[in-house]
Amino acid sequence: MEIGTFKLEHGQNEFIVENGVVQATANLTNGELTLRWSSGEALSGLYAEARYGLAQLRSTYYTKHAVRQSGIQPIEDGYGRGLRWSFEHEELGKPTLRQHFRMYEQLPYLLTELEAENEFEWETNELTPLAAYLNDGSVAEFGDSAEPVEEIRTLFIPFDNDKWVRFASHAIPCSVQSYETTAIYRSQSRNGFVIGSVTHDSWKTGIVVEGTFAEAVGRLRVFGGAADMQTRDTLAHGALRGKSIVSPTIFVGAFADYRDGLEQYGKANAVLTPALPWEGGIPMGWNSWSAVMSKLDYDVYTHTSDFFAKELQQNGFADDNDSLYVNFDAFWNSLPEEQLKDAVRRVKGNGQKPGIYYTPFAFWGSDPDSPVEGTDGRVLYRDILIKDQAGRPLPKLDGAFPIDPTHPEAQERIKRSLDSFVELGFDYVKLDFLTHGAMEGIFHQDGVRTGIQAYNIGMALVRDTLAPERVGRPFLINLSIAPLFPHGYAHSRRVSCDAFGTINDTEYMLNALTYGWWINDNLYRYNDPDHVVLYKSDNQRATSEHEGRSRLNSGVISGTSLLLGDDYRVEEAARRAKAWMTNKEVMALAKRGETFRPVEGVSGTKGEDLFSLSSGEEIYVAAFNFDNENETVKSASFARIGIDSSKGIIVRDLWSGQEQRIEAGASEYRIELSASESKLLQFVQA
């Protein structure tokens with residue numbers, strides 16, 4: 001049987017459907033599902049689970065399994081033309097479990113979700129669309145490899161970027177719980193799977209990958225309902241209620257290169273929720289936090305604006321409109337109102353755009369019975385905080401109480417603040433500590449039962465309040481500490497937690513870029529590499545020249561919201577800025593807004609030290625030495641980078657301008673790096 005380009009076989013014991021790339025086989029006897037790709041990959045022994053009171057229901061424990069002909073339907077949507085079908089499991093006295101699948105013409109991935117339906121209303125805080133377990137084998141098969149034995153790795157993707165969390169790739173044997181997405185791949189061939197949620201309206205998604213033996217994935221579990229220390233929760237995930245409850249929609253794909261798979265996953269998310277549009281060019285400029293932190297004052301802010309106008313703005317360091325952002329971070333409210341207004345006028349007079357800082361979901365006071373500003377004392381913070389089941393405010397996170405994004409008075413507080421920023425003339429807001437608004441608890445608004453539901457409401461309010469059609473001008477929204485998902489509410493998001501100017505800071509930020517480069521443009525218009533510190537001196541030591549240049553290079557390759565973080569009243573910081581930020585070739589590369597991707601993905605909890613970007617006939621390579629004491633030589637394999645060396649290559653150092661010819665047939669390029677040094681190189685055919 002055929003429906004369009006899909007081939008179907010519907011027998012007594014199994015149902016098979018394939019799109020030319022993926023074949024799904026539903027075993028109608030035992031309720032298991034097998035996914036097999038034409039390139040050789042497979043996931044087998046798959047089933048679904050639902051938490052039902054104290055019981056964990058499993059589809060393979062049910063006695064009746066069916067794929068009903070009436071449920072097989074052609075579809076056409078943002079993913080293309082496809083087929084929707086359902087694998088249904090029934091057991092007397094238990095909710096019916098339906099695994100819904102969407103497959104599309106020639107796509108190497110499918111979308112699936114679990115619907116659990118009962119005859120009466122019920123509730124659950126955990127649904128598992130896909131799971132598999134084998135005690136002495138592997139639920140995952142990989143494509144052909146030239147290596148007889150090849151390490152399998154799986155990614156840990158953090159829920160948010162708080163507390164200096166790190167992305168990681170772990171070699172099996174291991175036990176990893178990732179959040180929202182992961183990749184399971186061979187380290188040399190890069191062949192593997194990408195699995196992750198594409199809907200983020202109600203659930204926090206966890207993905208468990210375990211293996212006891214090398215080269216064997218023993219357990220896979222993809223579930224809605226993750227709530228733990230990594231999601232910053234102190235309460236269990238909220239329970240959804242109804243007769244029919246639906247899990248998050250899960251993307252499942254196999255790819256010759258897991259990096260392509262993660263990029264496809266990002267694009268699949270963007271089909272349902274596009275990145276928030278931005279027409280204003282790459283955000284470039286300055287933020288006060290790294291430079292002066294709590295010592296922020298009028299002088300450093302206006303001095304920075306004047307320095308940019310005189311030294312940098314007309315010499316290469318500017319956005320597409322020859323302007324820059326000059327941004328207040330925390331402690332801006334210590335300035336008197338007239339100084340604040342005058343600072344904004346000064347920045348605008350210099351042809352720049354002022355920015356501000358705000359934490360909409362965090363209350364920093366110590367007393368919950370403090371009155372909410374702008375309410376004449378009639379509303380207390382206790383009223384608008386997220387509560388536990390006993391009506392008590394949730395514990396502090398990062399020193400602040402979490403505010404309920406659904407409470408009308410909390411929403412009015414947010415609108416008052418954002419409207420005041422617009423009225424003062426700001427064009428940019430950095431929103432921080434947003435995970436507070438996604439924590440599990442009891443919410444004011446009826447029907448809101450999970451932290452992600454509340455977070456969506458709060459972030460939609462921020463986006464709509466600052467919409468260009470409402471404020472009358474473009475207004476850039478940047479997220480600092482925030483969940484990776486849901487997206488679509490901001491133009492840029494910081495890829496890591498705070499990063500300053502040492503080589504260790506550079507390595508930490510590049511750890512996030514190593515496994516999160518694909519976020520750029522798909523989920524957010526720009527990755528934010530945090531404030532780039534060129535020079536800072538404290539009681540211990542000063543940022544070396546190589547460290548400062550490496551921190552800048554890490555920002556250039558990020559994709560990128562390039563904001564500096566120095567105090568230019570310090571002579572060395574000003575000198576470096578004038579020397580480096582006026583390199584037109586490097587600044588032109590930064591303004592492309594394209595993220596370099598890692599050449600390898602085997603660094604564990606560290607950042608990779610080699611990144612590349614293919615752009616037409618040119619390939620750019622960024623190489624880093626994270627050792628702050630010793631020099632090194634980095635061997636860059638042309639095959640791994642994707643450089644054709646058969647006809648000879650010319651390599652150009654973008655900082656020094658020096659060129660070198662590499663003869664035809666060379667297999668690698670050796671990059672010599674001093675302690676803490678990095679290089680930006682351009683490779684073109686000779």
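Heads up: numbering here begins at 1 and tracks the sequence. Bear in mind the structure is a predicted one, so any value in this text is a computation, not a measurement.
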- Item | Worked verdict on Phe611 versus Leu513 for side-chain contact (heavy atoms from CB on, under 4.5 Å) | CA-CA 10 Å; Phe611 296 79; Leu513 198 70; 4.2 Å; yes
- Task: Apply the test salt bridge (Lys or Arg N to Asp or Glu O under 4.0 Å) to residues Asp530 and Arg494: give CA-CA distance (whole Å), side-chain angles for both, the deciding distance (0.1 Å), then the verdict.
- Result: CA-CA 6 Å; Asp530 203 24; Arg494 200 170 65 181; 3.4 Å; yes
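- Taking the six-membered ring for Trp and thresholds of 30 and 60 degrees, Tyr358 and Phe421 have ring planes more than 60 degrees apart, a perpendicular arrangement.
- With hydrogens and angles left out, the side-chain atoms of Asn350 and Asp306 include a donor and acceptor closer than 3.5 Å.
- For Arg232 and Asp398, the salt-bridge test fails: no basic side-chain N is under 4.0 Å from an acidic carboxylate O.
- Between Phe308 and Phe317, the angle of the ring planes goes over 60°, which puts this pair in the perpendicular group of the 30/60° scheme.
- The NZ atom of Lys163 lies 10.5 Å from the CD atom of Gln230; values are rounded to the nearest 0.5 Å.
- For the residue pair Asp233/Thr231, the side-chain donor-acceptor check at 3.5 Å is satisfied.
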- Message: Lys348 vs Asp427, test: salt bridge (Lys or Arg N to Asp or Glu O under 4.0 Å). Steps then yes/no.
- Response: CA-CA 10 Å; Lys348 288 182 175 289; Asp427 298 300; 3.3 Å; yes
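- A salt bridge links Lys430 with Asp329: the closest approach of a Lys/Arg side-chain nitrogen to an acidic carboxylate oxygen falls below 4.0 angstrom.
- The pair Glu545-Arg575 meets the salt-bridge criterion, since a charged nitrogen lies less than 4.0 angstrom from a carboxylate oxygen.
- No hydrogens or angles considered: a donor-acceptor pair under 3.5 Å links the side chains of Arg153 and Ser169.
- A donor-acceptor pair shorter than 3.5 Å cannot be found between the side chains of Thr582 and Asn315.
- In this structure, a donor-acceptor pair under 3.5 Å is absent between the side chains of Asp432 and Thr359.
- Taking the six-membered ring for Trp and thresholds of 30 and 60 degrees, His487 and Phe485 have ring planes more than 60 degrees apart, a perpendicular arrangement.
- Under the rule for a salt bridge (Lys or Arg N to Asp or Glu O under 4.0 Å), Arg463 has no partner lying at least two apart in sequence or in another chain.
- Distance CG/Asp521 to CZ/Arg525: 4.5 Å, rounded to 0.5 Å.
- One finds the CD1 atom of Ile519 at 11.5 Å from the CG atom of Asp528 (value rounded to the nearest 0.5 Å).
- Other residues, nucleotides and ligands contribute at most 12 non-hydrogen atoms within 6.0 Å of the CZ atom of Arg670.
- Salt-bridge annotation for Lys536 and Asp566: absent, with no side-chain N of the basic residue lying under 4.0 Å from a carboxylate O of the acidic one.
- Salt bridge absent: Arg190 and Asp260 never bring a charged side-chain N and a carboxylate O closer than 4.0 Å.
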- Evaluate salt bridge (Lys or Arg N to Asp or Glu O under 4.0 Å) for Lys341 paired with Glu337, printing each intermediate quantity in order. CA-CA 6 Å; Lys341 290 180 177 179; Glu337 184 177 353; 3.2 Å; yes
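- Taking OG1 of Thr435 as the start and CG of Leu397 as the end, the distance is 7.0 Å to the nearest 0.5 Å.
- The two atoms that bring Leu155 and Val176 nearest to each other are O-CG1, 4.0 Å, heavy atoms only.
- Distance check: Leu276 CG to Leu523 CG gives 12.5 Å after rounding to the nearest 0.5 Å.
- Between the CZ atom of Phe624 and the OG atom of Ser554 there is a distance of 5.5 Å, given to the nearest 0.5 Å.
- Counted by atom type alone, His200 and Asn269 present one or more donor-acceptor pairs between their side chains at under 3.5 Å.
- With respect to Leu510, the side-chain contact (heavy atoms from CB on, under 4.5 Å) criterion is satisfied by exactly one of Trp517, Phe626, Phe596: Phe626.
- For Ser178 and Tyr515, the side-chain atoms include no donor-acceptor pair closer than 3.5 Å.
- A heavy-atom distance below 4.5 Å is found between the side chains of Tyr455 and Pro486.
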- Item | Full working for salt bridge (Lys or Arg N to Asp or Glu O under 4.0 Å) between Glu180 and Lys204 | CA-CA 7 Å; Glu180 307 301 336; Lys204 296 169 183 170; over 6 Å; no
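- Side chain to side chain, Asn553 and Ser550 fail the donor-acceptor criterion of an N or O pair below 3.5 Å.
- Salt bridge absent: Asp319 and Lys591 never bring a charged side-chain N and a carboxylate O closer than 4.0 Å.
- A ring-ring contact (aromatic ring centres under 6.0 Å, His included) check over residues 666-686, counting only residues at least two apart or in different chains, returns the pairs Tyr669-Phe683.
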- Task: Run the numbers on Ile649 and Val684 for side-chain contact (heavy atoms from CB on, under 4.5 Å), then give the verdict.
- Result: CA-CA 6 Å; Ile649 301 169; Val684 297; 5.9 Å; no
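- In the model, Asp228 has a side-chain atom that pairs as donor or acceptor with a side-chain atom of Gln177 under 3.5 Å.
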- Report the C-alpha distance between Gln660 and Leu681 in whole Å, list the side-chain angles of each, state the deciding distance to 0.1 Å, and finish with yes or no for side-chain contact (heavy atoms from CB on, under 4.5 Å). CA-CA 11 Å; Gln660 181 181 350; Leu681 305 172; over 6 Å; no
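- With Trp655 as the aromatic partner, Arg549 meets the cation-pi criteria of under 6.0 angstrom to the ring centre and within 45 degrees of the ring axis.
- Just one residue in the list Arg592, Glu594, Arg652 forms a side chain to side chain donor-acceptor pair (under 3.5 Å) with Tyr620, and that residue is Arg592.
- Cation-pi contact between Lys353 and Tyr325: present, with separation from the ring centre below 6.0 Å and deviation from the ring axis of at most 45°.
- A salt bridge does not link Glu672 to Lys634: none of the charged side-chain nitrogens sits closer than 4.0 Å to a carboxylate oxygen.
- Side-chain atoms of Arg576 and Tyr568 form no donor-acceptor pair, as typed in the model, at a separation below 3.5 Å.
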- Query: Which is it for Trp332 and Tyr301 under the side-chain contact (heavy atoms from CB on, under 4.5 Å) test, yes or no, and what are the steps along the way?
  - Reply: CA-CA 10 Å; Trp332 61 267; Tyr301 185 80; over 6 Å; no
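- Donor-acceptor pairing under 3.5 Å is recorded for the side chains of Ser305 and Gln352.
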